[in-house]
Enquirer: 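My questions all concern the structure below.
Worth knowing before you read on, the calculation uses all heavy atoms, side chains too, and leaves out hydrogens, waters and symmetry mates. Order of the sequence lines sets the chain letters (A, B, ...), proteins ahead of strands, with each chain counted from 1.
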There are 2 protein chains.
Amino acid sequence: MARSDSGESVLERAVRIFEAFTPETTTLAVSEIARRAGLPLATASRLVAEMVRHGLLARDDDRRVRIGLRLWELASRASPTLSLRETAMPVMEQLQASIGHHTQLGVLDGDEVLFVERLSAEHAVINYTRIAARLPLHASSSGLVLLAYGSTTLQERVLAGPLPRYTPATVTGAEELRELLARVRRQGFVLCPGHIHADATGIAVPIRTADRQVAAAVSVIVPNDERARARLPALTAAARSIERRLRDDPAAPPSE
Amino acid sequence: MARSDSGESVLERAVRIFEAFTPETTTLAVSEIARRAGLPLATASRLVAEMVRHGLLARDDDRRVRIGLRLWELASRASPTLSLRETAMPVMEQLQASIGHHTQLGVLDGDEVLFVERLSAEHAVINYTRIAARLPLHASSSGLVLLAYGSTTLQERVLAGPLPRYTPATVTGAEELRELLARVRRQGFVLCPGHIHADATGIAVPIRTADRQVAAAVSVIVPNDERARARLPALTAAARSIERRLRDDPAAPPSE
DNA sequence: CATCGCCCTCCCGTTGAATGGGATGGCGGT
DNA sequence: ACCGCCATCCCATTCAACGGGAGGGCGATG
């Protein structure tokens, strides 16, 4: 009567349980969790109980389950990337206020950009979700910056892999992408007119740590018709300002 | 040759691995992790490898390990408390700017206050760490507010348990605490002169969701000599402003 | 007030995923 | 070439985890 299907670690299942939660459904019943994570009810119940014991999940007054703050606490306390986020925040807000469009702070995670901060304009071209969104490296301005300054193994992996098309303007050719990356390194910034959303242009610049490693990218999204390049000085100034704060702060230097 | 000491789930060990990381040591070698988490090297190595596969940990170019952004992503994407944090942030910053002292946003987690936002004054009475710090409920202003409006089972648990003393002013008597909580409910705020740091006074007010549940507490820390009560109007105004934003936002209503 | 439907937890015999001591293979310093 | 340290791999052993089903609670419906 034991494990019928095999090869599933507790950890794997725990992660699947976390993934069952979404911004729309922040609390779930155990049976819901079991359904979404594809687990037998008994297993889900036991695993949830244990996760609650460790603070990874929390229970409501009724028996519904939500994600525990412990998870966030563990992540925030000890991630250099997130202390970078804290350091950059005030500058990001200033930038957003002066530019009046979507302003984002993206870092490399896996083979994608993860946006750790995302300030939205009230009436903007595109409606973005708040934070913790991901985009592919080859089709977003931040992604291209992070890729251009990333390790060669990363570049080769991305160039070799499939390069999905989102709009007619998306760069999907390996050779074309290679040249674009070279240009990014030469210029120190990137302009992406309509690469991922047909009617929006992304502009991104790198943020470097004291040892010249690129740790993150700042980007803004403007409508295609605006003179995108005119935004560049403000963007570069913001990047410099964040870099200055990074050097002053006793924050660790994150590379990846 | 198997399990010599028993009764340790993978989850438990995974959490201990996370806890091995601190703000000071954001990256660790596997052997370090093994030492800190009290695990055999082989076990640590295998577990770390699996956690990396799931994005819970990340590896540097050298082989050192850091906490994966996936953890933060999972937590941020689906926690109502953290979207409350996002909503409250601008107001918190305004409050900090106008008051010029430590300004904090605390929520109930377990039987403690967890500060999800903490804006520090440059030259302040006490030097706080950035975020994700915890304080006991009975000895902090935010804690007292959260406790006063918390469930009776929570209150009984805290009143029954030990009430550690931090300063001569700390409330350590169960009866005394019970009366203080009643006063907090009557007044709608709390003043804590020197309860946890001898030379600082905390002031806290509750933040309520649309259904009148207390979801969080806003607090400021001022030196004892200042007229602490004079800060109250600004604090209340900030709380009201956050409540207004909560009602407007399509954010879930967190209670615990 | 029974009955039904749904949800959750506990029970318990079974078993394979996890374990950990030690061998193996790197890497850097001397 | 040798040593010290680190990390991964190997593999026989075994206990933590498994999951079907029983049992109990809760609310809605007839």
Side-chain angles (χ1 to χ4, degrees), chain A residues 1-21 25-68 151 153 211 255-256, chain B residues 1-21 25-68 151 153 211 255-256:
Chain A
M1 201 116 331
R3 225 154 313 206
S4 61
D5 68 292
S6 60
E8 287 214 310
S9 68
V10 185
L11 231 64
E12 203 167 317
R13 294 176 164 200
V15 171
R16 281 229 302 284
I17 288 184
F18 284 132
E19 288 172 343
F21 295 86
T25 58
T26 56
T27 80
L28 293 172
V30 174
S31 57
E32 275 269 313
I33 293 175
R35 208 167 308 128
R36 295 186 181 218
L39 296 174
L41 182 57
T43 308
S45 174
R46 206 163 7 83
L47 196 46
V48 165
E50 190 181 355
M51 290 169 82
V52 168
R53 260 201 307 286
H54 296 302
L56 303 177
L57 297 177
R59 287 193 115 94
D60 270 2
D61 296 330
D62 49 357
R63 276 142 149 209
R64 296 179 71 77
V65 177
R66 63 179 66 208
I67 290 202
S151 70
T153 58
D211 58 351
S255 63
E256 194 187 358
Chain B
M1 199 122 326
R3 222 154 318 209
S4 62
D5 67 293
S6 60
E8 288 213 309
S9 67
V10 185
L11 233 63
E12 204 167 316
R13 295 176 163 201
V15 171
R16 281 229 301 286
I17 288 183
F18 284 132
E19 287 171 342
F21 295 86
T25 57
T26 55
T27 80
L28 294 172
V30 174
S31 57
E32 275 268 315
I33 293 175
R35 208 168 308 129
R36 295 186 182 217
L39 296 174
L41 181 58
T43 308
S45 173
R46 206 165 5 84
L47 196 45
V48 165
E50 191 181 355
M51 290 169 80
V52 168
R53 260 200 306 285
H54 296 301
L56 303 178
L57 297 177
R59 288 194 114 94
D60 270 4
D61 296 330
D62 49 358
R63 277 142 149 205
R64 297 180 69 79
V65 177
R66 61 179 66 205
I67 291 201
S151 71
T153 58
D211 57 352
S255 62
E256 195 188 353

Enquirer: Rounding to a whole Å, what distance do you find between A/Leu47:CG and C/dC10:C1'?
Expert: 16 Å
Enquirer: Phosphate oxygens OP1/OP2 of C/dT19: is one of them under 4.0 Å from a side-chain N or O of B/Thr43?
Expert: no
Enquirer: Under 4.0 Å, heavy atoms only, any strand: does B/Ala49 hit a base, just the sugar-phosphate, or nothing?
Expert: nothing
Enquirer: Heavy atoms only, 4.0 Å cut-off, all strands: where does B/Arg63 land among base, sugar-phosphate and nothing?
Expert: sugar-phosphate
Enquirer: C/dC11 P sits how many Å from A/Leu41 CG, rounded?
Expert: 16 Å
Enquirer: Round to the nearest Å and state the distance from A/Leu39 atom CG to C/dC8 atom P.
Expert: 14 Å
Enquirer: Under 4.0 Å from OP1 or OP2 of C/dC8: is there any side-chain N or O of A/Arg59 that close?
Expert: no
Enquirer: Find the distance A/Arg64:CZ to C/dC7:P and express it as a whole number of Å.
Expert: 10 Å
Enquirer: Testing the basics here: between B/Met51 and B/Phe18, what is the closest heavy-atom pair and its distance to 0.1 Å?
Expert: CE-CZ, 3.4 Å
Enquirer: Determine: side-chain N/O of A/Arg46 to OP1/OP2 of D/dG20, distance under 4.0 Å, yes or no.
Expert: no
Enquirer: Answer yes or no: is there an ion pair linking A/Glu50 with A/Arg46, defined by an N-O contact shorter than 4.0 Å?
Expert: no
Enquirer: Using a heavy-atom cut-off of 4.0 Å across all strands, would you classify A/Ser45 as base, sugar-phosphate, or nothing?
Expert: base
Enquirer: For B/Arg13 and C/dA18, give me the distance from atom CZ to atom C1', rounded to whole Å.
Expert: 9 Å
Enquirer: If each of B/Val10 and A/Leu28 is mapped to the nucleotide of DNA chain C with the nearest heavy atom, which maps nearer the 5' terminus, i.e. the 5' end?
Expert: A/Leu28
Enquirer: Hey, which of B/Thr26, B/Thr25, B/Asp60 is the one that makes side-chain hydrogen bond (donor to acceptor under 3.5 Å, both in side chains) with B/Arg66?
Expert: B/Asp60
Enquirer: Measure CG/A/Asp62 against C1'/C/dT9 and give the value in whole Å, please.
Expert: 16 Å
Enquirer: Counting only side-chain heavy atoms from C-beta out, which of D/dC9, D/dT8, D/dG19 sits nearest to B/Ala42?
Expert: D/dC9
Enquirer: Would you mind reading off the distance between A/Glu50 atom CD and D/dA17 atom C1', rounded to a whole angstrom?
Expert: 9 Å
Enquirer: Rounding to a whole Å, what distance do you find between B/Glu8:CD and D/dT14:P?
Expert: 19 Å
Enquirer: Has the side chain of B/Arg59 got a donor or acceptor atom that lies under 3.5 Å from a matching backbone atom of B/Val65?
Expert: no
Enquirer: Under 4.0 Å between a side-chain N or O of B/Ser9 and OP1 or OP2 of D/dA16?
Expert: no
Enquirer: Any Lys/Arg nitrogen of A/Glu8 or A/Arg16 sitting under 4.0 Å from an Asp/Glu carboxylate oxygen of the other?
Expert: yes
